[in-house]
Amino acid sequence: MGSEAEHVLTLDTLNPNVIELQYAVRGPIVIRATEIENEIKAGLKKPFAQVVKANIGDCHATGQKPITYIRQVLALCTYPELLKSNDFPEDAKAQARRILEGCKGQSIGSYTDSCGLMVVREDVANYIGERDGYPADAKDIVLCTGASDGIKSVMTLLLTAKGGIDAAGFMIPIPQYPLYSAAISEFGAYPIPYYLNEKNKWALDVSELERAITEAKPNCKPRAIVVINPGNPTGSVLTKENIKDVIKFAHRHKLFIMADEVYQHNIWAEGAEFVSFKKVLQEMGAPYNKMELASFMSASKGFMGECGYRGGYAEVINLQPEVRAHYYKSISAKLCPPVSGQAVIDCIVNPPKPGGPSYDTYMKEKDDVLAKLKEKAKFVTELFNSIEGISCNEVMGAMYAFPRIYLPEKAVEAAKAAGQTPDSFYCFALLEEMGICTVPGSGFREEPGTFHFRTTILPQMDELKAVLNKFKDFHLNFLAKYK
């Protein structure tokens, strides 16, 4: 190891935006969880046999089985010799051939256009048109390396390349998915937090939006509002009226709308439904249907859970043609998103048709995954609300619960002495004593004076019940210890 003088990069010369950047979902508590896993492998005795990672929405890692049809199409695209086999259904072969014919050299090992394969973009546009009842245009579709990549690409367009009061401001919901605060830090932009109403099912109140933007305007140039629906980490689902209110607010303040809709298949509460921002925008007519809107979708969530393939798309509408050209140019430097991920997206938006050889199995697998998640959402909500010192809004959608924990003052003081936020202190104790890895609510930001944690609802039901029974014991002991 050379002296500090020999290094170009030191903590003094490192980009300060990188130092400021935090991503709680893979933060210090997750690093410690991995260390504990390695300690167990090395033979160190712990009060538990394994670490349960409930910190991230990684469906297959928790035992969810892949959808057969998706993997069949991927296998055929990856090794086209299998198209000669009788072991694959004809509809899967036809879809694989269509994807391969769209690839240069008929190989998914070749680069695609920067925006992705046109055949997949066309299928995405058809899917959106059927979902919303309004036509979509393939030129508005940009395939990306998971939704995260698409989100950051759109955020890049909105930056001002200036600091101070001229920095771009992004309105983000609190609690929020840490990608947004991390990207804002990375880009040197300005966060404009608006608080969701925990007392009203994490609803989005226009009065709170007005408060947030009014306070922010002297400090930045507000450019966009981010809305996550269904909510991460809150599990909330917006009503159509709520969406209309957001659109009117954005129009009033000339804001670009960024609609994170990656959990659109994950609706659990009775009476709740997913309605896209694009659909409501179109229904409202002029002048709202001319507003700029970017909507994001991912292969990683829903019923498919294909996180590792990094498939996603953005639909970006109503851009000026000259702006669109620069948008395409900006993503061209990344060459193209993974072609296997593009194939996964195609299977999601263009699934087996009724009467086809794969349809019944596909629907059975899809319905089974969603039914189990719905059952777990109800179970988790009821269990948390049955425990002293915890309250939890109904998990209406998405894949997470975000319970509020009411911590004794002694625990808050102990956390301060340890140099941690109270919910981080709590979550570290839960990890060390029970082997359960969650994410402190402070990593998502939260209303001052409140404490939460996020946990997934993904583990299989038997494991989930066992984990939450251990959690209940921990929580009651923690309260008793610090009362």
Side-chain angles (χ1 to χ4, degrees), residues 24-25 27-30 32-33 52 54-55 173-178 193-205 208 231-236 269 376-457 464-483:
V25 173
I29 196 164
V30 184
R32 176 59 188 145
V52 177
N55 61 294
I174 302 299
Q176 53 100 34
Y177 177 48
Y194 63 89
Y195 291 94
L196 303 177
N197 187 349
E198 185 170 12
K199 295 174 183 174
N200 186 24
K201 301 180 180 178
W202 296 112
L204 195 162
D205 295 335
E208 169 60 13
N232 174 12
T234 61
S236 58
K376 288 184 279 191
K378 182 179 179 183
F379 169 74
V380 167
T381 302
E382 291 176 351
L383 186 132
F384 281 137
N385 284 315
S386 73
I387 303 174
E388 176 194 353
I390 295 181
S391 64
C392 185
N393 274 312
E394 180 181 9
V395 181
M396 300 175 69
M399 296 176 170
Y400 315 97
F402 196 65
R404 180 174 178 179
I405 46 178
Y406 298 83
L407 299 179
E409 188 57 36
K410 283 186 179 179
V412 175
E413 291 169 2
K416 187 182 292 186
Q420 296 177 319
T421 63
D423 43 19
S424 293
F425 182 74
Y426 178 93
C427 289
F428 267 104
L430 175 61
L431 173 63
E432 296 289 350
E433 294 178 30
M434 294 293 182
I436 301 171
C437 181
T438 57
V439 188
S442 51
F444 301 90
R445 302 182 64 171
E446 52 199 342
E447 191 171 344
T450 67
F451 311 116
H452 303 78
F453 65 89
R454 189 190 80 166
T455 181
T456 71
I457 62 169
L464 188 64
K465 287 180 177 178
V467 166
L468 290 181
N469 281 331
K470 288 172 62 178
F471 165 80
K472 183 176 181 179
D473 292 340
F474 162 82
H475 177 78
L476 295 177
N477 288 335
F478 187 92
L479 292 186
K481 180 179 179 179
Y482 289 102
K483 267 186 176 174

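Quantities reported herein were computed from a predicted structural model and do not represent experimental measurements.
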Are the aromatic rings of Phe453 and Tyr400 close, with centres under 6.0 Å apart?
no
Write down the atom of Phe451, the atom of Pro422, and the distance for their closest heavy-atom approach.
CE2-CG, 3.4 Å
In terms of heavy-atom contacts, does NZ of Lys470 have more than 12 from other residues, nucleotides or ligands at under 6.0 Å?
yes
Considering residues at least two apart in sequence or located in another chain, which fulfil the side chain to side chain donor-acceptor pair (under 3.5 Å) criterion with Thr455?
none
Side chains of Lys472 and Ile387: does their closest heavy-atom pair fall under 4.5 Å?
yes
Go through the structure and list residues passing salt bridge (charged side-chain N to carboxylate O under 4.0 Å, His left out) with Glu208, not counting sequence neighbours.
Arg211
Does anything in residues 415-434 form a salt bridge (Lys or Arg N to Asp or Glu O under 4.0 Å)? List the pairs, not counting sequence neighbours.
Arg32-Glu432
Could you walk me through whether Phe384 and Phe379 pass the ring pair (Phe, Tyr, Trp, His ring centres under 6.0 Å) check?
CA-CA 9 Å; Phe384 281 137; Phe379 169 74; 9.0 Å; no
Between atom CG of Leu204 and atom CG of Leu196, what is the distance when rounded to the nearest 0.5 Å?
6.0 Å
Could you check Ile174 against Arg445 for side-chain contact (heavy atoms from CB on, under 4.5 Å), going step by step and ending with a plain yes or no?
CA-CA 6 Å; Ile174 302 299; Arg445 302 182 64 171; 3.7 Å; yes
With the side chain counted from C-beta on, respond yes when Tyr194 and Pro173 share a heavy-atom pair under 4.5 Å apart, and no when they do not.
yes
Distance-minimising heavy-atom pair for Ala398 and Ile457:
O-CD1, 4.2 Å
Atom of Leu431, atom of Ala33 and distance for their closest heavy-atom approach:
CD2-N, 3.8 Å
What is the distance from atom CZ of Phe471 to atom CG of Leu383, rounded to the nearest 0.5 Å?
8.5 Å
Working to the nearest 0.5 Å, report the span between CD1 of Ile390 and CD1 of Ile405.
7.0 Å
Heavy-atom closest pair (Cys437 atom, Ile29 atom, distance to 0.1 Å) is SG-O, 4.2 Å
Pro440 backbone acceptor or donor facing Ser424 side chain under 3.5 Å:
no
Residue pair Asn393 / Thr381: nearest heavy atoms and the distance that separates them:
O-CG2, 4.1 Å
Residues at least two apart in sequence or cross-chain that pass side chain to side chain contact (heavy atoms under 4.5 Å, CB included) with Tyr406, listed by chain then number, are Ser391, Arg404
Please list, chain by chain and in numerical order, all residues satisfying side chain to side chain donor-acceptor pair (under 3.5 Å) with Thr234, sequence neighbours excluded.
Ser236
Contacts of type salt bridge (charged side-chain N to carboxylate O under 4.0 Å, His left out), residue Glu409, not counting sequence neighbours
none
Going by side chain to side chain contact (heavy atoms under 4.5 Å, CB included), name the residues that satisfy it together with Ala418, two or more places apart in sequence or in a different chain.
Gln420, Phe425
Who are the ring pair (Phe, Tyr, Trp, His ring centres under 6.0 Å) partners of Phe402, not counting sequence neighbours?
Trp202, Phe444, His452
Nearest heavy atoms of Val439 and Asn55, plus distance in Å
CG2-O, 3.4 Å
Going by side chain to side chain donor-acceptor pair (under 3.5 Å), name the residues that satisfy it together with Thr450, two or more places apart in sequence or in a different chain.
none
Report all side-chain donor-acceptor pairs from residues 473-483 shorter than 3.5 Å, counting only partners two or more places apart or in another chain.
{"residue": "His475", "atom": "ND1", "partner": "Tyr426", "partner atom": "OH", "Å": "2.7"}
{"residue": "His475", "atom": "NE2", "partner": "Glu388", "partner atom": "O", "Å": "2.7"}
{"residue": "Asn477", "atom": "ND2", "partner": "Asp473", "partner atom": "O", "Å": "3.1"}
{"residue": "Lys483", "atom": "NZ", "partner": "Glu388", "partner atom": "OE2", "Å": "2.8"}

Residues Asn232 and Arg454: side-chain donor-acceptor under 3.5 angstrom:
yes
